[in-house]
Every structure is written in structure tokens, then in C-alpha cells.
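Structure, as C-alpha cells:
Side chains are part of it too, since the values below use all heavy atoms of this structure and drop only hydrogens, waters and symmetry mates. Bear in mind that the values here come from a model prediction, so they are computed numbers and not experimental data. Counting starts at 1 for both ligands and their atoms, following the listed order.
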Amino acid sequence: MEVRKVGVVGLGAMGAGIAQLCVEAGAETVGLEVSSELAEQARDRIAHFLTRKVEKGTLAESERDAALARLTLVGGPEELGDSDFVIEAIVEELEPKRELFAELDRITRPEAVLATNTSALSVTEIAAATERPERVVGMHFFNPAPLMPLVEIVRAELTGDDAFEAAYAFGERLGKTPIRCHDTPGFVVNRVLIPLLNDCIRVLDEARVTPEDLDTGLRNGAGWPMGPCTLVDLVGIDVHVHASEALYEKTREPRMAPPPRLVAMCNAGLLGRKSGRGFYDYGD
Ligand code: CAA
């Protein structure tokens, strides 16, 4: 299946990163956000990272300009109608995702593949909101999407081979290393990483260690590229809490439940990098 035009719905940190990958891979990309202001912020973010590549000599200026020209921002889902492939990266809540997929089902061509970047919700439940669950697949990228090599290609209960392999091939075209898995809570990586990060946060209180020392510990004692507090700040404390809650709801394993400390931070608006403060102060 040839993917010429891609729709990306939701242009937050993940969606903007995914849209960046799409335009860099030569696909005409149509981006949709809830407001034109947020959409423009995403375009600026993409332009910023592509310009950094130009400054570092890994991308030609003409390639950057051509990539940016492939991105079109639109005002409503109806403008995604002629997409061959749509990747959804909106808020991590089931109902809004199901509503969006029902709408995408109505407006896109029957052969279009509809992919969700959900990190912990059930792809099968999202697919069930459409009349074509065989064309729905999970495509789970990791944060930051332009830098992390992995994408999990998730087969929901009724995903057809065609759509599944099209998503795998598209992941490769985006320069990613795809892996195939089934639609189980947390798929592969988050099934392991979320309880692990939750344990790390609990250790903060149990061992009375500072976030700095915990991060130093995991970086220097376990070879992590960034410590757990830095990582949760990067992912977004709200995103991590949501994903933990979704996994806990499905598995009932206590380690999946978000630690109260993270929930309190979330309620206080300490969301990590994006809010300027989480475990660390980013001063912007
Ligand atoms: N988008 C695009 N480009 C980016 C970027 C972003 N968000 N962030 C950084 N870059 C670019 C920048 O241009 C940067 O260069 P400059 O600083 O010179 O501008 C360049 O990439 C390299 O950045 P770094 O120097 O920060 O790169 P690094 O070598 O330190 O590696 C890292 C950064 C890849 C993020 C590394 O620290 C790492 O692997 N961390 C672990 C991340 C991780 O585990 N992610 C998974 C989170 S879990 C998840 O995502 C699952 C979920 O469902 C929530």
C-alpha cells in the first residue's frame, strides 16, 4: 500500500514529533489540532528541530524547507478525507478517541488505515467505534518520537493483515525500528516501564533519596540514558498518571497504580517539562 498523504490528529509533543517524522520521510502531511494557535505552536516546534539539524549539518536547508512545505495545518477532521493513513495522537482518554475514530471512519476512504498512538488504552475498544476494525491498528511511538527508534505495531482483535503490515512498513519508512505485538495492556514496553517508573517514584519516599540522587543512581548504576525523574518530567506527569491508571484498571496489579506522590503533583499542575516544573524546575 502506498502512503502518499498522512493525517496526524493531535499535535502535542507526540503528534508534532510524529508529523515531523512524516514530513521528513517525504509524505504530504495534514495536521489537525483543536485550535489554530496550538497547531501553529506545533509547526514552530517542528521548524525549530529541523533548523537545529540544519545548524548541525545533518539536514540541508533545502530539505528542511521542502519538509516544512509538506505540512498543511487544517481546521477540521473533514479535511483529512483523502488521507491514505491517519495517526491519532490526541488526549489519552477512551471516549474522545472513540468519537474521533467514528468520525474518521465516516470521512476517510474505506481502504485508509487508521492508527492510534495510544500508550495504554485498548486499541480494540477504539477500533470498535468504527465500522472497519480491520483497518485499525496501534502505532505506539516513544517520547521524544523523532529520537526514540522504537515503534510498537499493535494488532487489535480484528486488525487485518493488510493494515497491520502497512503500519509496519510505514513505521520503517519513518526510519523507526518497528516490533509487532498484540493488544494487551501496556503492549510490550509500557507493560514493563510503567510499573518500573512507579517503583522508582515510590523509592523516593522509601529510601528518602532526592530526585537528583535517584536519577544519578539509575543512570550510573543501571545504564539508563536519563534518570526516572527526568524521564517522567519529559513524558509528562499527567500522561504517566493517566497511563498508569489505565493499566491498573485493566490488570489490577498494585504496581501499575500511580503513586500518590505523582497524583498530587498532577493535581497541583506540576506536569514536568511542559508546565515548567515537575521533579525539576525548568524555569521557562
Ligand atoms: N523532538 C525533535 N528533536 C529533538 C527533541 C524532540 N522532542 N528533543 C531533542 N531533539 C533534538 C535536538 O535538536 C537535540 O540537539 P540540540 O540539543 O543540539 O538541539 C538532539 O535531538 C539531541 O538531543 P539530546 O542532546 O538531548 O540527545 P541525547 O543524546 O541526550 O538523547 C534522548 C536524548 C534520546 C531523549 C535520551 O536521553 C534517551 O534515550 N532518553 C530516554 C527516553 C525514553 O526512555 N523515552 C521513552 C519514554 S516512555 C514513552 O514514551 C512511552 C509512553 O507511552 C509514555
Side-chain angles (χ1 to χ4, degrees), residues 8 10-25 41-59 64 67-68 71 87-93 97 115-123 138-154 174-177 179 181 183-198 200-201 215 218-220 222-247 256 258 262 266 271-274 278 280 282 284:
V8 180
L11 298 173
M14 290 308 289
I18 294 166
Q20 178 184 330
L21 290 165
C22 293
V23 293
E24 284 192 271
Q41 277 175 21
R43 195 207 296 276
D44 290 348
R45 183 184 169 94
I46 295 169
H48 166 79
F49 285 122
L50 293 181
T51 299
R52 285 295 298 147
K53 282 185 152 185
V54 173
E55 287 163 359
K56 289 189 282 186
T58 55
L59 188 73
R64 176 202 57 194
L68 286 173
L71 178 66
I87 305 177
E88 166 276 313
I90 66 167
V91 60
E92 268 295 273
E93 285 170 24
K97 284 192 195 282
T116 172
N117 177 53
T118 184
S119 51
L121 299 174
S122 156
V123 182
M139 208 168 170
H140 180 220
F141 293 84
F142 290 78
N143 194 339
L147 303 188
M148 297 299 286
L150 185 69
V151 58
E152 292 172 330
I153 308 298
V154 184
L174 297 182
K176 296 291 146 192
T177 304
I179 60 171
C181 60
D183 183 25
T184 52
F187 315 135
V188 175
V189 173
N190 275 348
R191 167 69 181 81
V192 176
L193 188 58
I194 286 184
L196 190 54
L197 286 173
N198 286 341
C200 289
I201 304 308
D215 280 2
L218 271 296
R219 275 192 288 106
N220 293 287
W224 288 27
M226 55 171 57
C229 296
T230 308
L231 182 56
V232 176
D233 270 2
L234 171 75
V235 165
I237 290 175
D238 53 339
V239 171
H240 180 85
V241 166
H242 257 102
S244 295
E245 279 166 349
L247 281 188
M256 299 291 182
L262 279 187
C266 195
L271 306 182
R273 244 171 219 271
K274 67 178 151 191
Y280 298 99
Y282 298 92
D284 40 43

Exercise. Sequence neighbours excluded, which residues qualify as side chain to side chain donor-acceptor pair (under 3.5 Å) partners of Asp233?
Worked result: Tyr282
Exercise. Lys176: what forms a side chain to side chain contact (heavy atoms under 4.5 Å, CB included) with it, not counting sequence neighbours?
Worked result: Leu21, Phe141, Val151, Leu174
For this session: Would you confirm whether Glu152, through its side chain, and Phe187, through its main-chain N or O, come within 3.5 Å as a donor-acceptor pair?
Result: no
Exercise. If you draw a 6.0 Å radius around CZ in Arg219, do more than 12 non-hydrogen atoms from other residues or ligands fall strictly inside?
Worked result: yes
Problem set entry | Set of residues that line ligand 1, where lining means a heavy atom lies under 4.0 Å from it | Gln20, Arg45, Phe49, Arg52, Lys56, Ser119, His140, Phe142, Asn143, Pro144, Pro146, Leu147, Met148, Asn190, Leu193, Pro225, Met226, Leu231, Val235
Exercise. Considering residues at least two apart in sequence or located in another chain, which fulfil the side chain to side chain donor-acceptor pair (under 3.5 Å) criterion with Thr184?
Worked result: none
Exercise. Is the backbone of Met14 close enough, under 3.5 Å, to the side chain of Asn117 for a donor and an acceptor to pair up by distance?
Worked result: no
